[in-house]
Trainee: 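Next up is a structure, given as structure tokens.
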Amino acid sequence: MRLSPRTWTLIILAVLIALAPVTFPSAFYFRIGALIFVNGLAVIGLVILFGYAGQISLGHAGFAGIGAYSAALMPMHLGLHPALALFAGAVLSGGLAFLIGRPILRLKGHYLAVATLGFGILVFIVLNNEAQLTGGPDGMAVEDLGLRAVSDALGLGLRTAEVWYWFMGLVLLLGAFLALNLHTSPTGRSLRSLHNSEVAARTLGVDVVRYKLTAFVISAVYASLAGSLQALLNGFVTPDVAGFLHSIEWVTMAVLGGAATVLGAVFGATILTALPQALTVFQEYEHLLLGLIIMLVMIFLPAGLLPSLGKTLRQGESI
Amino acid sequence: MTLMTVEGLGIDFGGVRAVDAVGFAVKPGEIVSVIGPNGAGKTTLFNILSGVYRPDRGRVMLDGMDVTAMAPHRLAALGLSRTFQNLQVYLQMTALENVMAGRHLAERCSVIADLLGLPASRRRTRETADIARGLLARVHLERAAEREASSLSYGALKRLEIARALAAQPRLLLLDEPAAGCNAVETEEIDALIAEIAAEGVAILLVEHDMKLVMKISNHIVVLDHGEKIAEGAPAEISQNPRVIEAYLGTQAEGGHALC
């Protein structure tokens, strides 16, 4: 039986997640792996927004901020279990995306980019200034999700970093599974058609405002979950999670990997999460490098690294 | 029983009256052509009828219901479908997906079911794919089903757009220059296809420059010039109408045969 591209993508991802630890010399690498998966999750959400629906956002870290601080504040003030806080944060982000998306998504191109940018910065400012609640720029501690306890109760004998690695790997696979299902579904086709030609989609009955909003809300939920999970993984959170640079990092990952494919999203997230760890000397130039990468990819590989590579390989075969 | 009635329709762009006081009616199964020189307002008229532009004057009735300035997606739900003069194919999707996307209204499903890949969602996708393959065969594109639309020829894209419009199962189909840029064989195929669609009871409103095609298949012709209707009638009447000949050829016209 021929396997669908959806199944192939999931198999490739699962194999990579399962085999990567073979090359890990220390527990630190499991942590990096978990971080890669956190970013990959957010970028898969952006693939739905950018790649499927063709809408841009420079403010999705704002939703990550809401997710991260939900995971930090709700257990502390409402006595919610962190796992519940994670979902409550996602609902909050989704609801907020629904409310602000209605007016914002009427804008196109640069205007939409600037409006989303404004949203992200607003969230950042609130988190930074509401110091009595959020601890301000110093950040705050986040309760333990209890993954290690579950793992120990099951007698798996894994270290904390390893538990997080496997847990995040599963979450990433689930995120990829949902996004891949969407791609070939009726909703996915509607999103991609309004990306290709909004006027044609409208005359074929697609309520473009509603579908753009759908993609925006879904991607906001992905970003929010990524934000929550990052906070829980680190055990600590600062307003930087909602910062402009964080949004730009995600956009760069999406663009680098190829904004239209799930595998590309994970690829972009891997490179841009792992590289700064390897090249700590360049830390001061991170902004510069992100900008440079976006420019180079846009000029030379507008479809993104992975799709361009795939195309070259296929052409090579046919010759 | 008329399907669509247009009364006193008009729109201005700045000071220019792009369309003014245009009226006509379309019955089910009828092919009505809108002709006129370049810039006469034909495409603008289509854009008003399909809800892309809001008219400044007049009204459009569909099935006795006032649908003037209704949003395009709501008009689509009432059975109106169209193609575009400047091609609005989904270039980054395969030919099959293009036609499948045309069935949006019939196949849409809850987002949750689509995300989870529930059987309901997959079944719809399968059904839609089957129907879309049938429509591709109808426009002789079945072999291009899995190819990305951007790799298809111009003539093929024209036919693909018709197949996509048909996927919406319209009661009224607006075709904006379906034969433009097609060779003689392709034009004949499109000609036969349009007649076939009309025979199934779909009303067709056609903008076309190929006069041979228009005269052959139209039941009724509306002639626009400078945004106004200057003539209306059966093909035989129109080809003899002095005002029409003047509009096309100017006052220096030497004869009326040029229209046929």
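So that the names make sense, note that chain A is the first sequence line, chain B the second, and so on, each numbered from 1.
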Trainee: Using the six-membered ring of B/Tyr90, assess whether NZ or CZ of A/Arg189 lies under 6.0 Å from its centre and within 45 degrees of the ring axis.
Mentor: no
Trainee: Go through B/Gln88, B/His104, B/Met93 and name the one with the most non-hydrogen pairs under 4.5 angstrom from chain A.
Mentor: B/His104
Trainee: Are B/Arg138 and B/Glu200 close enough for a salt bridge, meaning some N to O gap below 4.0 Å?
Mentor: yes
Trainee: Between A/Asp207 and B/Arg74 (salt bridge meaning N to carboxylate O under 4.0 Å), is one present in this structure?
Mentor: no
Trainee: Check the surroundings of atom OH in A/Tyr111: do more than 12 heavy atoms from other residues, nucleotides or ligands lie under 6.0 Å from it?
Mentor: no
Trainee: For chain A, which candidate among B/Ala76, B/Ser121, B/Pro72, B/Ser50 shows the most heavy-atom pairs at distances under 4.5 Å?
Mentor: B/Pro72
Trainee: So which part of A/Thr214 gets closer than 4.5 Å to some heavy atom of chain B, the side chain, the backbone, both or neither?
Mentor: side chain
Trainee: Can you say whether B/Arg103 sits under 4.5 Å from chain A via the side chain, the backbone, both, or neither, judging by heavy atoms?
Mentor: neither
Trainee: Assess whether a salt bridge exists between B/Glu177 and B/Lys42, defined as any Lys/Arg side-chain N lying under 4.0 Å from an Asp/Glu carboxylate O.
Mentor: no
Trainee: Does the side chain of B/Glu148 pick up a donor-acceptor pair with the side chain of B/Thr94 at under 3.5 Å?
Mentor: no
Trainee: What part of B/Ala77 lies closer than 4.5 angstrom to a heavy atom of chain A: side chain, backbone, both or neither?
Mentor: neither
Trainee: Contact part of B/Leu75 toward chain A, heavy-atom cut-off under 4.5 Å: side chain, backbone, both or neither?
Mentor: neither
Trainee: If you count heavy-atom pairs under 4.5 Å with chain B, which of A/Leu180, A/Thr187, A/Ile218 comes out on top?
Mentor: A/Thr187
Trainee: For A/Leu174, is it the side chain, the backbone, both or neither that has a heavy atom under 4.5 Å from a heavy atom of chain B?
Mentor: neither
Trainee: For B/Leu78, is it the side chain, the backbone, both, or neither that has a heavy atom closer than 4.5 Å to a heavy atom of chain A?
Mentor: neither
Trainee: Who wins among A/Ser185, A/Ala179, A/Ala201, A/Ser193 for the most heavy-atom pairs under 4.5 Å with chain B?
Mentor: A/Ser193
Trainee: Looking at every non-hydrogen atom in both residues, tell me the closest pair between A/Leu13 and A/Ala176 and how far apart they are.
Mentor: CD1-CB, 3.6 Å
